[in-house]
Amino acid sequence: MVYKVPFVNYPEHYRRMWNEVIDAISEALSKGDLILRGQLKQFENGIASFIGVEYVVGLNSGTDALFLSLKAAGIGPGDEVITVAHTFVATIATIVHCGATPILVDVGEDMNMDVEQLEQKVSPKTKAIIPTHLNGRLCNMDKLMAIADEYNLIVIEDAAQALGASFNGKKAGSFGLTGCFSLYPAKMLGAAGDGGFATTNDEKIVEKIRLLRDHGQQRTTGKILFHGFNSRLDNIQAAILNVKIKYLPKWIERRREIAKIYHERLSDITDVKLPPPPTKTTPYYDVYQNYVIRVKDRDELVEFFEKNGVETMVSWRIPNHLHPGLNLNHFSLPKTEKLSNEVVSLPMYPELTDEQVHYVIDTIHDFYEHK
Ligand SMILES: Cc1ncc(COP(=O)(O)O)c(C=O)c1O
């Protein structure tokens, strides 16, 4: 089906920088720069200065950024790691793959970890906390870091959806031992396929993650220091990302502009709960990776959108802890469960035209006027 307003628009995204991207790919290919070459270093340095951290390691996904961070931090069997269920499943899966036990906390109104409930989940086995900064808004990091300090817990930020977002002027990925980012195509900064990276200010951790991503090989000596993985970010991807990174501030601005339009024209519908509007005065600087509204009659609204040519997404229809195959159904998370029945993500990406944004808004007005 051809949508009037698709949920993502990759062809238009690339059309706008076609020549630059093709030139970057051609250059890498003609020089034979494919694995761990200059484009990757350039990308890592560019991101480090954008976020304000010492080190960045390019990896093959956000999932691996989480997994290798946990590994580098020494998390393993017998350890508990506190996180949320209202996140992409990879946040939880990587804890399980390390042999550790995920402990799930409910979320608050901002859809992020309810830090008021966090302390009750800390046990003598707790080693780390993974807050997810969902939809481009940070978790309350003041409270979270204070609890982590008090109990001497490692913080690994799942910042897959929050590149460029900040809290009290500090960017996502600069609070914890590491920050884990996804370069999945629809993300704030998307590769032309899979990709990710980890941020840190810790010299030992960056060394460990660099080794983990490359089979544990110390390339200068030829020594294999431990059993590692293959999780390198391809050079071709890095070359493409180096073209895109300069547009990132403009893309963030555009997302905030769209969020403002959504907010201005949807606030009068009492049945629709909106995310906070973009402001510069609160501690939160949101980047609107997703624009998620909450409505009671979600499935009906989604169907109405479909009929009218608007593509939307529901993240997530079944909460992670209620998938029988994941063995997590001993957690009771009422707010997470309620959200799964109410959330719907509206189209949100820099290439959306104002006309398309207004069409989405008009469609919602139409739905509520005729109910
Ligand atoms: C919150 C969150 N965590 C982790 C990931 C995993 O990232 P990737 O798809 O790059 O492995 C994603 C990606 O969708 C995500 O949104």
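No hydrogens, no waters, no symmetry mates; every other heavy atom, side chains included, goes into these values. Counting starts at 1 for both ligands and their atoms, in listed order.
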Identify the protein heavy atom lying closest to [atom], giving its residue, its atom name and the separation to 0.1 Å.
atom	result
atom 11 (O) of ligand 1	Thr63 OG1, 2.5 Å
atom 16 (O) of ligand 1	Gln161 NE2, 2.9 Å
atom 5 (C) of ligand 1	Phe88 CD2, 3.5 Å

Whether [X] lies under 4.0 Å from ligand 1, heavy atom:
X	result
Thr132	yes
His133	no
Gly195	yes

Once the angle between the rings of [X] and [Y] is folded into 0 to 90°, is it parallel (under 30°), tilted (30 to 60°) or perpendicular (over 60°)?
X	Y	result
His13	Trp251	tilted
Phe175	Phe167	tilted
Phe181	Phe197	parallel
Phe304	Phe367	tilted

With atom 2 (C) of ligand 1 as the reference point, say which of Ala93, Ala160, Gly196, Gly190 has the nearest heavy atom.
Ala160

Among Ala191, Ala159, Ser182, whose heavy atom sits nearest atom 10 (O) of ligand 1?
Ser182

Under 4.0 Å from a heavy atom of [X]: which atoms of ligand 1 are those, numbered in the order shown and with their elements?
X	result
Thr91	3 (N)
Lys187	13 (C), 14 (O), 16 (O)
Gly62	7 (O), 8 (P), 10 (O), 11 (O)
Ser61	10 (O), 11 (O)

Ionic contact status for [Y] with [X], cut-off 4.0 Å:
X	Y	result
Lys121	Glu80	no
Lys244	Glu20	no
Lys250	Glu253	no

Is the closest N or O pair between Asp158 and ligand 1 shorter than 3.5 Å?
yes

Any idea which part of Thr87 is under 4.0 Å from ligand 1, heavy-atom wise: side chain, backbone, both or neither?
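Looking at Thr87 and ligand 1, just side chain atoms fall under 4.0 Å.
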
Starting at CG of Asp79, measure out to OG1 of Thr101 and round the result to the nearest 0.5 Å.
8.0 Å

Testing the basics here: between Lys171 and Ser174, what is the closest heavy-atom pair and its distance to 0.1 Å?
O-OG, 2.5 Å

